[in-house]
Novice: 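The structure follows.
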Amino acid sequence: MLSYIIRRLFQMALTLWIVSVLSFLIVALAPGDPLASQLDPKKTPADLERRRDEIGYDDPVVKKYTDFYSRFFSDFGAVISKQFGGGDNYSWQLTSETSKEAVLPTMWRKMLVTLPLVIVNTLLVWSLSFPIGIYSALRRNTFQDRTITVLSYTLIAFPGFWISILIIGFVTKTLGIPIVSPETIGVELEGPRSFFDRTWHIAIPAFVGALTGVATLTRYVKGQMMEVMGQDYIRTAKAKGLDDDQVYYKHALRPASLPFITMLAGLLPSIFGGSVVFEAIYSWPGLGRWVFEAVFQRDIYIVMTSLFVGSALTLIGILVSDILLSVADPRVRLS
Amino acid sequence: MSDQPRKSSSPLADALRLFVRNKPALISFIAIVLLGVAAVSGSLFVGRKADASDLIRMEEASLVGDRFKSEVIKNAVLDPHQPELKDTFLPPNSQSSVDLNKTYWLGTDNLGRDVLARLWAGSSISLTIGFLAVGISVFLGISLGGIAGYFGRNRVGLPMFATLMLFLAWGVMLAAGISTPAWICFTVGALLFAFQFLLSVAGQRWRTVGFFTFAALLFGAISWFNWRTENQTPEGAVHQAALDTHRQARELLLDLRDAGREFKEFEEAAPDNITHLLEQKDLPAWIYRRQFGIEVKTRLLDLQVGRFEIRKFRSALLEAQRLHQEQQERAEHLESFAEDYKIRHEQAVKDEQAATARAQDFFRSGKNDEGRTASLEAANHAARASTFDPAELKKRTKRMREIGAARQKYVEAVMAALEEPLSQRVAALDKADQDLAALLEADVKDAAGMREAQFNLEAVVRGWKRAEADFKEAEGAKRLEALGPIVEALAKGSREDAGLADLQAEQKRLTAAQEGLKAAAKTAAEDVAKLKTIQGEPPEESKKSLPLLKVQGSNDLMDRRGQLRTRFVIRFDTEAKNSLTTLRGAELLSGQYRYGVYRITSHFLTATFLYLLLAVAALALMASGQASITDTKLPVKGLFLPTITVDDLVMRFTEIMMTIPVIFLILAILAIFEKDVFITMGVIGLTSWMGTTRFVRAEILSLREQDFVQAARSLGLSDFRIIWRHLVPNAISPVLVSASIGVAGAVLAESTLSFLGIGAKPEQTTWGQILSEGREYIFDAPWLTWIPGVAILITVLSFNLLGEGLREAFNPKLRGR
C-alpha cells in the first residue's frame, strides 16, 4: 500500500511537471502585456519599463518558466509555514498585476467564498440523486419511472444559464427578493437574519447548479442499480426468501455504489472550476469569476497558478478515490 | 416478438427496427432532421456572403445612399442583421409597422431585428459548431483510442518519439512566435530523423523507409502550405514585413534593456569621487556608444517601418481592387432578383389599385375612417411598387457597375502612377539603409577612437597628478631652501639677524608658494580644458553631478525603452498578428485589441489541424510497427533500447489532458484569440476528446481478444484489414452514441460561452448570443430569452434522446435504463 502510494506520488509529480509545461505554453506564450492595462497616469513609461524588468516580461521563455515556479513554490512554502505559525513578515512573490494582491492568499480567500456554494451544490446532488435513482430502478417501467426519466432528460438538456436568468427575473420581480451575490448588498444584517439572508442567496444558485448534476447522477445510479439487480446472486438472494429491503439495500446497493467512488475524484477540483458560469450569472466574487476576469486581463500569474493548483487537486482527487475504492472493494488490488 | 418469421436477421436491420419503435428517439431524430434542414436553408436564404463584412455593406451604402442600403438588405429574404428601429420590441405574432405584409412570428429584439430570422441563422451556426466540434473530438478519440487499444502492446523507440515531439514543439513555438528555440528543435529533430532514416536504409527495412519518406513528404507539404500563406499573398507580405520589423524592434529593446542593466549596476557601484569614476575605464565612451548605437538602430527601424507602410499601402490597393470586383458580383447578384422584383412590383401595383378602388368605395358610401385606412394602405402599396420597380433595379445595378468599374479604374490608375515612385522610394530606403549600416560600422570604429581618447584622457590625468606631486615636492624643496638662511642665522647666533632673516625667508616662501600655486593652477586649467574637449564635462563639476546624471541617464534609458515599445514593439506585435486576415478593418478596430490577440485565425487553425493530422498519422504508423527499427539486425540496436509502449504513450497523454481543468483551459485558449465562434468550436473539440479516447480504447481492447478477431489474425489478415472489416463495424455504434450526446454537449458549451460573451463575434448570430443580448431586456421583452432558450433546450434534448435511442437500438440489453 505504502509503496503503491509512493509510486503514485512519483507519477503524479511527473504528470504535474508535464502539465505545468503545457499550461505554461498555453498561457505564457499568449500575446498581450499585463501592463498594457495600466491606466495609472502617475506611472511614466520609465516606471512601466522598470516594472516589466521586475516581472521579467522580456526574459527568455525558460527563465520565465523557472521564475514562475520558483516564486510559486516559495509562496506555497510560506503558506504552509504560516499554517504552522511561521513568520508574518514574508513578502509574497506572486502578485496580481491589476489588483496588486498576493495571488495565493487571494486564492484562498476567493475559495472560501466559492466553497459554501460548491458544498451545498454537491450535497444537493448526492443526496437527491441516490434516492431518486434507486426509486426509479426499483419501479422500473412504471409511470413514476417514466416521469423521472423524462424529467431527467429534460433537466440534462436545460441550459443552466438560461434557467438561472429566468429564475432571477422571476424572483426579483415577482417576489421582490434580491438573490444575486452572496448576501444582500447595502443592508447590514445581524445574527440569524444574516444567516437566513446568506442561506437564501446560496440556495438558488446551488439548486439551479445542481439540476443538471442531479439528472445525470440519477440516471447513472439507476443504470448501475439495474445492472446489479440483473445479476444472478440477487435472484438467489430473493429465492432464498430474504426480504426486499435487505436484498436491495444490502446486496444490491453496495456493489452498485462502488463506481461512484471514482466520481468522488471530481469533487476536489470542482471547488475550483465548477462554478464559473453560475458565479458570473449570480455575481459571486468567487474563485471561478476571479480566474475568468484574470484571463481577460492577462494576469498570467493568476491563470497559471489556478491551472496548476486545479491540476494538482485533480490528481490528488484521483489518488484518494483510487485508495478509497481499494478499501471499499476487496476485489480491487492496488499494484 | 410476433409469431411471424423475422424478415431480416442482420444486426443493422434489428437496430433500425428497435430504433423506429422507440418513439422519443424517433421524434428527436425527426426534430434533428428538421433542424438540419432549417440550418441549411437558413444559410441559403440569409443571402449574405459568408465573408461579406459589414464594412462592405457600409461602403455600398455610402455609394448610393441609405435608400440603397435598406433595399439591399430587404432583398435578402431573411436577414438576421437587419435593424429596423421602428419595430423595436414587438412581441411574437405582431405586424411590422414598416411593411404591412410582414409579420414577426417570434417578435423583434431591441434593434427591431426579426427574432425568427436570427434564430434561423443561429441554427445554422450552432449546429455547424456542434457537429464540427464533435467531429474533431471523435476523430481524435477514435484514432488515439484505436491506436492505444489495437497497437497498445507495441513499443515505440524513444528516438522516434523524440523526433515527433521535437517537430511538434517546433510548430507550436513558431506559431507562438519564438523563433530561436523553435529552430533548435527543428534542427535536432531533423538530425534525429535523418539518422533514423539512414539506419533504416542500412538495415534494409523498406517499409520503414517508405514511412519515413511519406512523413517527410507530408511534413514538406504542410510547410509549403504555411510558407505560401505567409509569403506569397499580399497580406502575407505585409505580415512578413511586420514580423521583420517587430523582430528588429524587439532586438533593439533587449539591447536597451542590457544597457539599462549595465547602467544600473554602474549606478549602484557609483562612488562620488572622480578617481573611481575614471577607474571604471571608458564611461563617457560607453554612454556615447550606447546612445549612438541605439540612435542608429532606431533610425534603421524607422526605415523598416517606411518600407512596411509602402507594402501595406500596396496590399490595401490590391484589397480595394478585390472589393470593387466583389461589388460587380453583388450587382450581378442583385440582378438575379429581377424576376422577383417584377412579380412583387406587379403584385404591389395590383394591390394598390385594389386598395384605391376600395377606398373610393368607402368614401362613396360615407365610411370615411375605413376609407382613410384603405387609402393609407394604397399609399403603402404604391411605395412598395416603386421600391420593387424593375426599371429602378436596372438603373441601380447599372449605376453600381459604373461606379465599381470607375473605382477599379481609379485604383488601377493609382497603382500604375504610384508604382514607379514607390519603387524609387524603396530604392532610396535601401540606400539609406546601407548608409546607416555604414554609419553603424563607423560607430564601431568610433568606439575604438573613443577608447584611444580615453587613454589620452587618462594620460592627461596621470600627468596632472604627477604635476601635483611635483608641485608638492617643489614646495618642500623651496621651504628647505627658505629655511636655509634661518639655520645659518641661528648658527651665527645673532638674534636680530635671525629675526630679519626669518622675515625675509617668510616673504620668500610666500612668493615661491604663490608662484607654485599659479603654475599649478595653470596646469590644472589646461588639464580641465583638455578634459572638457574629450569628456564634455569638467571633472571638478562631475564630482558632484555625475551620480545625479547617472540616475537621470537610467531614467532616460527606461523612458526611451518605453517609447520604443509603444512606437514599434506593441504596434508591430499587433500588426504582425492582425495583418493576415483583417487588413480591411484593422485600423478601425485596433483600439479594441489593447491586450493583443492572435487574429490570424484561419491560418493558425489550419496549421494546427494539419499538424494534428500529421501527429496522429505518424503515431499510427509508428505504433503499427511499420516504422520501428528496434529489432533491426544492425549492431547499433542497443541504441534504440529505450522504448515505451504505445498504450502508455497515448493514455498518459490523455490523462495529462484530463488533469487540466477544462473550463480554465478553454478560457485561457479563448483569451488568446480574437472572438470567433469557429475558434470556440476548435477549442471545444480539442478539449473534449479524452472520454472518447478512453472508451474506444476499452472497446477495442475487449474486441481484440474476441474469437473472431483471433480467427482473422490466424488467417493472416493484415492489421489494416482486421481494423476496417472487423473492428470498426463493431465499435462504431458506441462512437455514434457518444457523438450524438457529444453534439448536445457542444451546442450547450458553445451557447454557454457565447452567453458569457467570449464565444462568438458580434456579427455571428448564435443562440447563446441572442440569449445573452436578450438578458438585458428580460422584463421588457421576455421572449428574447425564452425563444432561444427553448431552441437550445429542444436541440440538446433531441440529441440526447437520439443518442439514448441509438444506444438502446444497438444494445437491446440496455432497454429501459
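Remember, it's a predicted structure, so these values are computed and weren't measured experimentally. A note on names: the letters A, B, ... follow the listed sequences, proteins ahead of strands, and every chain is numbered from 1.
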Novice: Distance check, rounded to the nearest 0.5 Å: A/L307 atom CG versus B/L667 atom CG?
Specialist: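 Separation between the atoms: 9.5 Å.
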Novice: Using non-hydrogen atoms and a 4.5 Å limit, figure out which bit of A/T172 sits close to chain B: side chain, backbone, both or neither.
Specialist: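 A/T172 touches chain B through side-chain heavy atoms alone.
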Novice: Identify which of A/T314, A/I156, A/V62, A/L16 forms the greatest number of heavy-atom pairs closer than 4.5 Å to chain B.
Specialist: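 That would be A/T314.
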Novice: Are there more than 12 heavy atoms of other residues, nucleotides or ligands under 6.0 Å from atom CZ of A/R289?
Specialist: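 Enclosed.
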Novice: Taking all non-hydrogen atoms of both residues, which atom of B/I778 and which atom of A/I165 are closest, and how far apart?
Specialist: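 Closest approach of B/I778 to A/I165: CD1-O, 3.2 Å.
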Novice: When only pairs under 4.5 Å are counted, which of A/L14, A/L22, A/I281, A/V303 shares the most heavy-atom pairs with chain B?
Specialist: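 Among the listed options, the one with the most contacts to chain B is A/I281.
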Novice: Only one of A/I18, A/V19, A/L313 forms a side-chain contact (heavy atoms from CB on, under 4.5 Å) with B/T659, so which one is it?
Specialist: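 When side-chain contact (heavy atoms from CB on, under 4.5 Å) is applied between B/T659 and each of A/I18, A/V19, A/L313, only A/V19 qualifies.
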Novice: B/I758 versus chain A, heavy atoms under 4.5 Å apart: side chain, backbone, both or neither?
Specialist: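 Just the side chain, heavy atoms under 4.5 Å.
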Novice: Minimum heavy-atom separation for A/S311 and B/P661, please, with both atom names.
Specialist: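 Of all heavy-atom pairs spanning A/S311 and B/P661, the closest is OG-CD, 3.7 Å.
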Novice: I'd like to check B/I663 versus A/F292 (side-chain heavy atoms, cut-off strictly below 4.5 Å). Are they in contact?
Specialist: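 A side-chain contact under 4.5 Å is absent here.
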Novice: With side chains defined as the heavy atoms from C-beta onward, is the minimum distance between A/F161 and B/L756 less than 4.5 Å?
Specialist: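 Contact flag for A/F161/B/L756 side chains = no.
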Novice: Check the surroundings of atom CZ in B/F779: do more than 12 heavy atoms from other residues, nucleotides or ligands lie under 6.0 Å from it?
Specialist: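 More than 12 within 6.0 Å, yes.
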Novice: What residue, out of B/L748, B/V790, B/T752, B/I792, has the most heavy-atom pairs lying under 4.5 Å from chain A?
Specialist: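 The option with the most such pairs is B/T752.
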Novice: So how far is it from A/I318 CD1 to B/M658 CE, rounded to the nearest 0.5 Å?
Specialist: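 So the gap between those two atoms works out to 7.5 Å.
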Novice: So among B/L797, B/L793, B/V796, which one has a side-chain contact (heavy atoms from CB on, under 4.5 Å) with A/F158?
Specialist: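 So, applying the side-chain contact (heavy atoms from CB on, under 4.5 Å) to A/F158 and each of B/L797, B/L793, B/V796, only B/L793 qualifies.
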Novice: Should B/F664 and A/V276 count as side-chain neighbours, where that means a heavy-atom distance under 4.5 Å?
Specialist: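 Yes. Closest side-chain heavy atoms under 4.5 Å.
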Novice: Can you find a heavy atom in the side chain of A/Q11 that is under 4.5 Å from one in the side chain of B/E655?
Specialist: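 With C-beta onward as the side chain, the pair stays apart.
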Novice: Between A/V150, A/L315, A/V291, who has the most heavy-atom pairs with chain B when the cutoff is under 4.5 Å?
Specialist: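 The option with the most such pairs is A/V291.
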Novice: Could you look at B/V747 and say if it's the side chain, the backbone, both or neither that has a heavy atom under 4.5 Å from chain A?
Specialist: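 B/V747 has no heavy atom closer than 4.5 Å to chain A.
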Novice: Measure B/L801 against the heavy atoms of chain A and call it side chain, backbone, both or neither at under 4.5 Å.
Specialist: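 It is the side chain, since no backbone atom gets that close.
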Novice: I need the minimum non-hydrogen distance between A/P159 and B/G789, along with the two atoms involved.
Specialist: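 That would be CG-O, 4.3 Å.
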Novice: Which answer fits A/L166, side chain, backbone, both or neither, if we ask what part of it has an atom under 4.5 Å from a heavy atom of chain B?
Specialist: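 Answer is both: backbone and side chain atoms of A/L166 are under 4.5 Å from chain B.
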